[in-house]
Amino acid sequence: MAGRSSNPISVPSAAGDDGTQAGASVRAGARVSAPLSEGAPISEAEAIARLAQSEDPSQQYYGAWWLGRMRSQHPEAVPLLRSALRQRRARDPGAGVEENAVARNAARALGKLAPLALAAVDDLLEVLEDPDDGLREAAARALGDLRAEAAVQPICRRLASGPQGAGALRPGTPRLMEPCEALLEALGEIGQGGEPVLAVVEPFVDHERPLIRSAAARALLQLSGEQRWGTLLVELLEHPQLQVRRAALMDLGAAGWRPALEPIRRTLAENSLKLMALRGLVERGTGEPAEPLLLACMDELL
Amino acid sequence: MTPTDLPPTEQLVEAVRRADSSQALLLATRELAASGDPGAAPVLVEVLGFNNPGAAVAAVDGLIRLRGAAVEALLRLDAQNYGARAWAVRALAGIGDVRGLELLEEALGSDVAASVRRAAAKGLGTLELHHLSTAEQERILQRCLQALLAASADGEWVVRYAVAVALETLAERLQSRGQSLQALLDGLDSLAQPADGNPPVVQLRARLAVERIQRP
């Protein structure tokens with residue numbers, strides 16, 4: 001459906017779905033969001049040109065985002081994103097720009113550009129060792145999206161010190177020493193590694209932060225298929241914080257855990273997120289409840 | 001006059017107006033929504049604009065319960081009040097009153113939020129038409145069909161999913177089985193294709209719709 005990618009509607013708005021801010025970024029800082037001021041539709045050539053110039057980083061930022069969002073297959077896209085990945089720039093609080101914002105968006109975009117972006121796995125592995133934890137987070141997610149088996153060992157090394165090390169609070173900030181959520185999710189998405197990987201992930205189901213517990217349970221469920229991890233995620237659907245329930249919804253969807261159908265239907269959260277989770281159950285899950293029941297539940301939530 | 005001297009609905013309205021926290025507003029809105037009194041409609045519509053998603057959900061439920069009695073108040077809403085309009089579209093989609101047709105068409109075609117377009121699509125499949133003449137019913141069904149077919153190229157999967165569901169409900173109601181039904185089935189066929197960016201769940205739902213329509 002060629003017309004779809006040029007549809008102006010598909011550029012997300014600044015306002016979230018469901019009249020809240022939840023639509024674009026379900027998990028804190030996790031997902032790609034559109035720059036606010038540049039929402040007008042542009043062409044692929046324009047996105048390439050914006051990324052290729054170096055005068056205006058905000059244009060590069062938007063160009064990188066666009067190429068990922070539209071899953072561009074332009075031959076210049078991956079090479080340009082790889083060089084953008086090397087761009088370092090201090091945070092500009094006045095302009096509301098994150099540190100290394102262009103490189104982060106380049107990493108996120110590469111995650112959406114398989115198979116062409118498989119050529120960038122080595123660059124992303126390098127970024128996984130960057131001092132900027134936001135950049136490490138974006139690289140980890142991209143490597144997970146690309147199912148890059150080469151990332152399993154480096155990610156496990158980052159997490160090996162466990163909840164007390166990698167998962168400890170970074171002094172003076174609300175952040176953890178490592179972007180644990182992204183690292184754990186990537187291991188689950190890649191889905192490889194067996195016992196040694198499970199041993200690295202499992203201690204995180206006891207992390208003090210429920211979002212980390214949820215990410216760990218999701219990875220374990222994806223890696224082992226064991227029911228106890230699905231049960232843990234279903235329990236998190238009853239957590240008093242909406243943010244945690246939203247994360248558990250996304251994690252159950254990512255793991256395609258079909259026994260969660262009824263708890264997903266009942267949890268207190270936006271229908272948009274329930275629909276995303278149920279889509280995951282349909283597309284990634286198997287067994288009971290079967291598809292007709294899942295689809296009937298989705299129909300009701302529209 | 002103290003609040004307890006007021007008639008019941010007005011006491012509930014008073015409670016909504018006096019709510020001084022989002023939790024209080026949510027509880028008061030729920031009670032007002034449960035009253036089922038048509039007099040509550042304008043206040044429930046006001047709540048849609050308070051930027052309190054919990055209360056807005058309760059207000060939408062209450063407005064849907066009022067059915068036709070809520071429609072006038074919903075249609076009077078200021079087009080500039082974007083947040084409230086998004087909720088109003090959901091209420092109108094749930095009510096299924098034909099007076100909401102134009103707003104639903106507009107929302108499906110041009111609202112920026114996928115959740116609003118999704119609700120509008122669903123609503124266009126379920127408008128209540130039994131009180132209208134056959135010719136009038138057919139005219140409205142044609143408008144719904146055209147709006148849904150146009151939205152089958154929407155950029156968001158969830159909107160296309162809702163279009164597939166709505167086309168299925170619409171098919172049962174179309175009296176002219178010829179050309180229109182064929183156009184409808186063609187629309188579903190395009191949604192059933194594994195094209196780039198069209199996820200399996202949408203394809204699956206569209207195929208299910210085609211099977212159900214063609215089942216003798």
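In what follows, chains carry the letters A, B, and so on, assigned in the order in which the sequence lines appear, proteins first and then strands, with residues in each chain numbered from 1. What's counted below: heavy atoms across the whole structure, side chains too, no hydrogens, waters or symmetry copies.
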Quiz prompt | Heavy-atom closest contact (B/Glu156 atom, A/Arg69 atom, distance) | solution = OE2-NH2, 3.2 Å
Quiz prompt | Beyond-backbone contact of A/Ser272 with B/Arg118, side-chain heavy atoms, under 4.5 angstrom | solution = yes
Quiz item: Quick check: are there more than 12 heavy atoms from other residues, nucleotides or ligands sitting under 6.0 Å from CZ of B/Arg207?
Solution: yes
Self-check item: Residues in side-chain hydrogen bond (donor to acceptor under 3.5 Å, both in side chains) contact with A/Arg71, at least two apart in sequence or another chain
Solution: none
Self-check item: N-O pairing of A/Asp299 and B/Arg205 below 4.0 Å
Solution: yes
Quiz item: What part of A/Leu301 lies closer than 4.5 angstrom to a heavy atom of chain B: side chain, backbone, both or neither?
Solution: backbone
Quiz prompt | Gap between atom CG of A/Leu273 and atom OG of B/Ser115 - 0.5 Å precision | solution = 10.0 Å
Using atom types as modelled, flag every donor-acceptor pair under 3.5 Å from a side chain in residues 209-216 of chain B to any protein atom, sequence neighbours excluded.
from	atom 1	to	atom 2	distance (Å)
B/Arg212	NH1	B/Glu168	OE1	3.4
B/Arg212	NH1	B/Glu168	OE2	3.2

Practice problem: Inspect the surroundings of CD in B/Glu102 and state if more than 12 heavy atoms from other residues, nucleotides or ligands are less than 6.0 Å away. | Solution: no
Quiz item: Side-chain contact, heavy-atom cut-off 4.5 Å: A/Arg279 with B/Pro199?
Solution: yes
Quiz item: Take atom CD in A/Glu262; do more than 12 heavy atoms of anything else shown fall under 6.0 Å from it?
Solution: yes
Quiz item: In a check of side chain to side chain contact (heavy atoms under 4.5 Å, CB included) between B/Val201 and each of A/Leu294, A/Leu295, A/Leu275, which one passes?
Solution: A/Leu295
